[in-house]
Amino acid sequence: MPARPEAAITEDTSLLKELNRYMWGSGDYEAVAALVLKDAQALVADARVRPDHQVLDVATGTGNVAVEVAGTGATVIGLDLTPEHFDVARRRAAEAGVEVDWREGDAEALPFPDDSFDRVFSTFGSQFAPRHDLVAVELYRVCRPGGLVGLCNWTHEGWTGRFTEITAQYFPPQPPHVMPSMKWGDEAYVRALFEPLGGEVEVERRRADYPFLSVDALMEFFAANFGPWIVARRTITPPERWAELFAELRAMTERFDEGRGSTLVRPEYLRVLVRKPRAAAV
Ligand SMILES: C[S@@+](CC[C@H](N)C(=O)[O-])C[C@H]1O[C@@H](n2cnc3c(N)ncnc32)[C@H](O)[C@@H]1O
């Protein structure tokens, strides 16, 4: 197992994580998560989770993956930087009649021993931690030999990647140790993160479905519910620039609209399955 990259560990990202927590804790993430529930369900089904499995859902949010996994009878921990999500997550688990162990934690420093889980998942989550090399080492480290790391990562080219890039242009640049989240949607990049660790990587480009009555309805939904947009609106300077950013995001969204009579945006993501081989017999 390669050592954790020490150079990256020395960077102080605590303020950034406070900001991330504030951002993801704003708005109504449960409403947004409903749009990607079917993608979480497909990942869990394809990863063949069994009732005797121990499972970790990293950056669980309001628990899309964790609740689905618990429904299979497996034992699951849902971990997130933003414990503000856990009231909703607990309610969802109770409604589904399942138990999940919810834990506050950081994808860059998972609080578990090596080889703890049969499945380690993260849907549209761990890609937002700043130091990707640390995250990959951690996801892989806590996965058992013979187990699987399963990820859904938004791509740079898709709708989510476009709005991330456009929005970033209205804010000061990130420090160099904060790696761009959408790189996780690039196949060669993901292979370069996991293959040196020994992982066998399989990827597939897939698309989520965001159906709305109109582009305006989609824009209003995200402006009202989605933490990153809410925080962008609160913090942009001067405040008038929000209207400019919103107009740019709206025009971009129109270009992605595949609906006929109503709106359908289908954000692209890279689905990644990393197998951790069993140790060779000696
Ligand atoms: C887009 S949401 C995805 C949530 C959920 N996995 C889903 O599919 O609905 C991103 C999540 O990543 C979490 N997150 C961001 N950085 C993190 C980190 N360093 N460690 C753990 N969670 C993190 C946020 O708190 C947020 O809940």
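Just so we're clear, the structure is a prediction, and the values are computed from it rather than from any experiment.
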- [ ] Say whether T60 and D80, considering side chains only, have a donor N or O and an acceptor N or O under 3.5 Å apart.
- [x] no
Open item on the list: Could you check whether any side-chain heavy atom of V55 comes within less than 4.5 Å of a side-chain heavy atom of D57, counting everything from C-beta outward?
Closed with: no
Open item on the list: Tell me which one of D39, T155, N153 satisfies side-chain hydrogen bond (donor to acceptor under 3.5 Å, both in side chains) with Y269.
Closed with: D39
Task: Y189 ring center within less than 6.0 Å of F194 ring center - done: no
Task: Presence of salt bridge, E108 and R131, under 4.0 angstrom - done: yes
TODO: State, to 0.1 Å, how close A42 and R206 come at their nearest heavy-atom pair, and which atoms those are.
DONE: CB-NH2, 4.0 Å
Task: Audit row: E84, R21, salt bridge (charged side-chain N to carboxylate O under 4.0 Å, His left out) steps and yes/no - done: CA-CA 8 Å; E84 287 80 355; R21 186 174 158 178; 3.3 Å; yes
Open item on the list: Using every non-hydrogen atom in the two residues, find where V76 and V69 come nearest and quote the distance to one decimal.
Closed with: CB-CG1, 3.8 Å
Open item on the list: Any heavy-atom pair between the side chains of K38 and D209 that's under 4.5 Å?
Closed with: yes
Open item on the list: Do C152 and L43 have side chains that approach each other closer than 4.5 Å (heavy atoms only, starting at C-beta)?
Closed with: yes
Task: Beyond-backbone contact of L35 with F222, side-chain heavy atoms, under 4.5 angstrom - done: yes
Open item on the list: In the structure I gave you, are the side-chain heavy atoms of L139 and S126 within less than 4.5 Å of one another anywhere?
Closed with: yes
TODO: Using distance alone, with no hydrogens and no angle criterion, decide if N225 and Y29 have a side-chain donor and acceptor under 3.5 Å apart.
DONE: no
Open item on the list: Among F221, Y170, W24, F163, exactly one meets ring pair (Phe, Tyr, Trp, His ring centres under 6.0 Å) together with W229. Which residue is that?
Closed with: F163
Open item on the list: Testing the basics here: between W102 and G63, what is the closest heavy-atom pair and its distance to 0.1 Å?
Closed with: CH2-CA, 3.8 Å
- [ ] Please report the shortest heavy-atom distance between K276 and R141, naming the atom on each side.
- [x] NZ-O, 3.5 Å
- [ ] Check R144 against S116 and note the closest heavy-atom contact, atom names and distance.
- [x] NH2-O, 2.9 Å
Open item on the list: Between R266 and E258, is there a side-chain heavy-atom distance shorter than 4.5 Å?
Closed with: yes
Open item on the list: To the closest 0.5 Å, what do you measure between CZ (R233) and CZ (R241)?
Closed with: 16.0 Å
Task: Pairing of R162 and E157 as salt bridge, 4.0 angstrom limit - done: no
Task: Ion pair R91/E30, N-O distance below 4.0 Å - done: yes
Open item on the list: Could you tell me if the side chain of H53 sits less than 4.5 Å from the side chain of T75, heavy atoms only?
Closed with: no
TODO: Please report the shortest heavy-atom distance between I230 and A223, naming the atom on each side.
DONE: CG1-O, 3.4 Å
Open item on the list: Could you tell me if the side chain of S262 sits less than 4.5 Å from the side chain of L264, heavy atoms only?
Closed with: no
Open item on the list: I'd like to know whether the aromatic ring centres of H132 and W184 sit less than 6.0 Å apart in this structure.
Closed with: yes
